[in-house]
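Residue numbers start from 1 in every chain, and the chains themselves are labelled A, B, ... in the order their sequence lines are given, proteins ahead of strands.
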Amino acid sequence: MSDVPLIALAIVSDELDVPEQVQIRRHKRQTLLDRGLQAYPVSLPITVSIAQLREQYGHLEAEAETGVTVGIAGRVIFSRNTGKLAFATISAGSGETIQAMVSLGQVGEESLADWKALVDLGDQIFVQGEVISSKRGELSVFVDSWSMAAKSLRPLPVAHKEMNEESRVRQRYVDLIMRPEAQAMARTRVKAVSALRTSLSNRDYLEIETPMLQTQPGGATARPFITHSNAFGIDLYLRIAPELFLKRAVVGGLDRVFEINRNFRNEGADSTHSPEFAMLEFYQAYADYQEMATITRELIQEAAQAVAGSLTLIHFDGSEHDLSGVWPQIDLYGSLSQAIDQDLTPETPRAVLESLCKAVDIKFAPTWVNGKLVEELFEHYVIPTFTGPTFVMDFPVDTSPLTRDHRSKSGVVEKWDLYVNGFELATGYSELVDPVIQRERLVEQASLGEKGDKEAMPLDEDFLRALEHGMPPSGGVGMGVDRLLMALTGQGIRETILFPLVKPERDQ
RNA sequence: GCACCGCUAGCUCAACUGGCAGAGCAGCUGACUCUUAAUCAGCGGGUUGGGGGUUCAAGUCCCUCGCGGUGCACCA
């Protein structure tokens, strides 16, 4: 050690707080470089993917030889050796694997020794050799030569124990390596989102993009994230919904528009909520909420078909969920009245609502409007009774400021919520297009904001000006894309999002 | 935001009322030419989430901060 250069000493002291296994792997990397070999080559003579190999030679008899030489690359996920013959399971990541067999007779003493000394679990490796089947019938590449494709400096977790949820989410790359289901979710999500786009496109909808940075948040009741524009010298808001811009587009004659994009709401996270979440909103001129309910059901059914090939979904936990047919619609006030065996209407006095809430321990704030109390009661009494997908129809007017009054029932608006698996998957409306009434509602909301309701909408004069140009009668729907994935797979929202927001780790 | 529970080796987890910090996998050394979580022999690996306190003695008790989980609240 006395003639070790200063730089090497510096590295050694720098490694004092590095785990032993990482130090060892760093030294293996350095050994490769010292030998004039590459630890991270720029390209490799790959001839075929592991999936193609499986496809083509998957049914070889045990001990079969093909005489075909291939070059493949993948990650070593399992390795074992018997002295003069080494085996490694190489994974393409998406679940396909192939076995590499490195034998003394084929590669020679030095190459075999290097393999055993320098190849670790988790390394990306390239092997070239004949496609054969082992004595046990395992499809294998009988290696002529091998080289490092990318040296991994960190050990993989134990393959046969579940990583804890926090590690899976924080280090999704490891989760994707270890669990084919993690990759399957990413692929399922693409299929579902792609199905939504196709279904809407087939119905002559245009996909448009509206601002994520807004000078005032609107289109939903939620607290926004605030950011700042240096150039404009003003605060901007990350959008909480695209609604007000999509409606401007409809005013302008884009009769059928949709957007699939992220919304941001400055609120807590749990198994069904993420501060940033993907949302589909679509608007159709000359449609009402009933037509939108039909389209929404069809979109979900077409997405299920694209993802699962069936309208009967098998969830992650093995349970079956039938999405076929036409889904029931229940009336909010009617079903709640039935559930509590007492007639409830939009005219029911506040004192009655409050005592009903108190009776079942629903906490409420004095600032809450009557309709909100009714919705709370509904969630408590009726939602748990749902068995399949269910549309809840006709909500209180005071909780839906952007929705048109019901055409025949007083005190309620033409709004539905679609519940699947106990959570709200989508919501649809006959949109309020009367600019005078809209202004009254928004002024009322803005005054709530002045009274301290941080979720109330500020007055958007430009939106009102747009409506004053005449918006055709329209239906609108908002659907949580992450929640659609939850409904299709039975997984929690953080599993459907590849990289959900997590608080930073300390001491990093 | 509030309450409760948790944080120990690279990973998954043990460690009684405070009394020498351990196992499996992974790693290292050696053996083994058809293995499938290979096997056999041996060995190393820890600031017990951070900081402070009580105590002869703290993974364990107290305070505090961080992160996570669950429930509540808010929301889709």
Side-chain angles (χ1 to χ4, degrees), chain A residues 16-25 27-28 62-63 77-89 97 99-107 112 116-117 120-122 132-138 140 142 152-171 174 178 219-223 240-241 263-281 361-365 368 372 375-376 379 417-419 423-427 453-455 477-484 486 492-494 502-508:
Chain A
L16 284 178
D17 56 351
V18 172
E20 181 191 36
Q21 297 195 40
V22 173
Q23 290 184 38
I24 289 167
R25 282 164 181 255
H27 288 129
K28 288 177 178 178
E63 296 191 73
I77 55 164
F78 179 40
S79 107
R80 52 227 175 257
N81 75 69
T82 63
K84 297 189 178 63
L85 177 62
F87 299 88
T89 304
T97 61
Q99 177 169 268
M101 297 170 61
V102 186
S103 79
L104 178 65
Q106 197 69 14
V107 303
L112 178 64
K116 287 199 265 186
D120 285 311
L121 239 40
I132 64 163
S133 179
S134 74
K135 282 183 183 168
R136 297 284 175 85
E138 185 74 40
S140 307
F142 194 60
S152 165
L153 298 184
R154 289 181 182 268
L156 291 175
V158 180
H160 307 284
K161 296 273 190 180
E162 284 250 307
M163 264 195 306
N164 66 51
E165 195 204 328
E166 183 181 354
S167 305
R168 291 212 317 265
V169 168
R170 282 190 191 278
Q171 299 182 51
V174 176
M178 301 307 293
T221 51
R223 298 175 67 173
I240 55 175
N263 289 344
F264 306 88
R265 297 190 184 175
N266 208 338
E267 289 156 358
D270 61 30
S271 65
T272 58
H273 295 83
S274 173
E276 60 172 326
F277 63 101
M279 179 96 163
L280 161 67
E281 283 199 13
D361 233 22
I362 294 171
K363 291 173 201 145
F364 57 89
W368 289 10
K372 187 156 176 62
E375 288 180 20
E376 291 290 322
E379 280 178 32
D417 270 1
L418 171 62
Y419 279 86
F423 59 82
E424 194 185 331
L425 173 57
T427 181
D453 183 344
K454 294 186 173 110
E455 294 175 359
V477 172
M479 185 193 302
V481 174
D482 315 295
R483 290 188 167 190
L484 174 61
M486 291 165 62
I493 198 166
R494 274 150 63 98
V502 283
K503 285 198 189 176
E505 295 169 88
R506 267 305 195 80
D507 303 319
Q508 282 290 303

Rounding to a whole Å, what distance do you find between A:E379:CD and B:C72:C1'? 14 Å
Name the nucleic acid region contacted by A:G105, choosing base, sugar-phosphate or nothing; use a 4.0 angstrom heavy-atom cut-off, strictly under. base
Separation of B:G10 C1' from A:M163 CE (nearest whole Å): 12 Å
Separation of B:A26 P from A:I77 CD1 (nearest whole Å): 14 Å
Nearest atoms (heavy-atom pairs only) where A:L484 meets A:L425: N-CD1, 3.3 Å
State the pairing partner of B:U60; accept Watson-Crick or G-U wobble contacts with both distances under 3.5 Å, and report none otherwise. none
Determine the interatomic distance between P on B:C28 and the same-named atom on B:C65; round to the nearest Å. 43 Å
Using both distances under 3.5 Å as the test, list the Watson-Crick or G-U wobble partner of B:G22, or none. B:C13
On a heavy-atom basis, the closest approach of A:Q99 and A:S134 is NE2-CB, 4.1 Å
Measure CG/A:L121 against C1'/B:C25 and give the value in whole Å, please. 10 Å
Between A:R80 and A:A86 (side chain of the first, backbone of the second, donor and acceptor by atom type, cut-off under 3.5 Å), is there such a pair? no
Does A:F423 lie flat on the base of B:A76, that is, centres under 5.5 Å apart and planes under 30° off? no
Could you tell me the Watson-Crick or G-U partner of B:U54, where both distances fall under 3.5 Å? Say none if there is no partner. none
For a quick check of understanding: with a heavy-atom distance under 4.0 Å over all strands, which category does A:Q99 fall into, base, sugar-phosphate or nothing? base
May I ask you to check whether over 12 heavy atoms, not counting those of A:K161, lie within 6.0 Å of atom NZ? no
Roughly how many Å apart are B:A37 and B:C62, using the P atom of each and rounding to a whole number? 45 Å
Work out how far the C1' atom of B:U12 is from that of B:C16, and round it to whole angstrom. 23 Å
In Watson-Crick or G-U wobble terms, both distances under 3.5 Å, what is the partner of B:U29? B:A41
Between P on B:A76 and CD1 on A:I240, what's the gap in Å once rounded to a whole number? 10 Å
Which nucleotide, B:C11, B:G27, B:G68, lies nearest any side-chain atom of A:I24? B:G27
State whether the distance check finds a donor on one side and an acceptor on the other, under 3.5 Å, for side chain A:E20 versus base B:G44. yes
Regarding the side chain of A:N81, the nearest nucleotide among B:U12, B:C32, B:G27 is B:C32
From A:L112 atom CG to A:N81 atom CG, the distance as rounded to the nearest 0.5 Å: 7.5 Å
Could you check whether the side chain of A:N164 and the base of B:C11 have a donor-acceptor pair of N or O atoms closer than 3.5 Å, going by distance alone? no
Return no unless some side-chain N or O of A:R494 is found under 4.0 Å from OP1 or OP2 of B:G69. yes
Please pick, from B:A76, B:A26, B:C32, the nucleotide with the shortest atom-to-atom distance to any side-chain atom of A:E267. B:A76
CD on A:E165 to CZ on A:R494, rounded to 0.5 Å: 5.0 Å
Between A:Q23 and A:V18, is there a donor-acceptor pair closer than 3.5 Å when you use the side chain of the first and the backbone of the second? yes
Taking 4.0 Å as the cut-off, does a side-chain nitrogen or oxygen of A:K161 come that near to OP1 or OP2 on B:U12? no
Contact nearer the 5' end of RNA chain B, comparing A:T89 with A:A117: A:A117
Checking base pairs now: Watson-Crick or wobble, both atom distances under 3.5 Å. What partners B:A3? B:U70
A:M178 has an atom CE; how far is it from atom C1' of B:A26, in whole Å? 11 Å
Say you pick atom C1' in B:C63 and the same atom in B:G19; how far apart are they, in whole Å? 24 Å
Between the base of B:A26 and the side chain of A:Q21, is there a donor and acceptor pair under 3.5 angstrom? yes
Return the nearest nucleotide to the side chain of A:D120; candidates are B:G24, B:C28, B:A76. B:C28
A:R80 atom CZ is separated from B:C40 atom P, nearest whole Å, by 16 Å
What distance, rounded to whole Å, do you find between the two C1' atoms, one in B:U55 and one in B:G18? 9 Å
Phosphate contact (B:C32 OP1 or OP2) by A:K116 side-chain N/O below 4.0 Å: no
What's the closest nucleotide to the A:K503 side chain, out of B:C25, B:G68, B:A76? B:G68
In whole angstroms, how far is the C1' atom of B:G69 from the CZ atom of A:R168? 13 Å
Quote, to the nearest angstrom, the P distance that separates B:U47 from B:U8. 12 Å
Counting any heavy atom closer than 4.0 Å, what does A:K135 reach on the DNA or RNA strands: base, sugar-phosphate only, or nothing? base
Taking the P atom of each, how far is B:U64 from B:G24, in whole Å? 39 Å
Please name the nucleotide paired to B:G46 by Watson-Crick or G-U wobble geometry with both distances under 3.5 Å, or report none. none
A:H160 side chain, from C-beta outward: closest of B:G27, B:C11, B:A37: B:A37
Mind checking who B:U8 pairs with, Watson-Crick or G-U wobble, both distances under 3.5 Å? none
So, does A:K116 use its side chain to make a donor-acceptor pair with the main chain of A:G83 at under 3.5 Å? yes
Assign each of A:Q106 and A:P155 to its nearest nucleotide of RNA chain B by heavy atoms, then name whichever residue's nucleotide is nearer the 5' end. A:P155
Would you mind telling me which of B:C67, B:C28, B:A76 lies closest to the side-chain atoms of A:E166? B:C67
May I ask you to say what A:M101 touches in the nucleic acid, namely base, sugar-phosphate or nothing, with a heavy-atom cut-off under 4.0 Å? base
Could you tell me how far B:A3 sits from B:G22 if I compare only their P atoms? Round to whole Å. 37 Å
Looking at B:G68, I'd like to know if its phosphate oxygens (OP1 or OP2) sit under 4.0 Å from a side-chain N or O belonging to A:R170. yes
Does the distance from a Lys or Arg side-chain N to an Asp or Glu carboxylate O, for A:R168 and A:E162, drop under 4.0 Å? yes
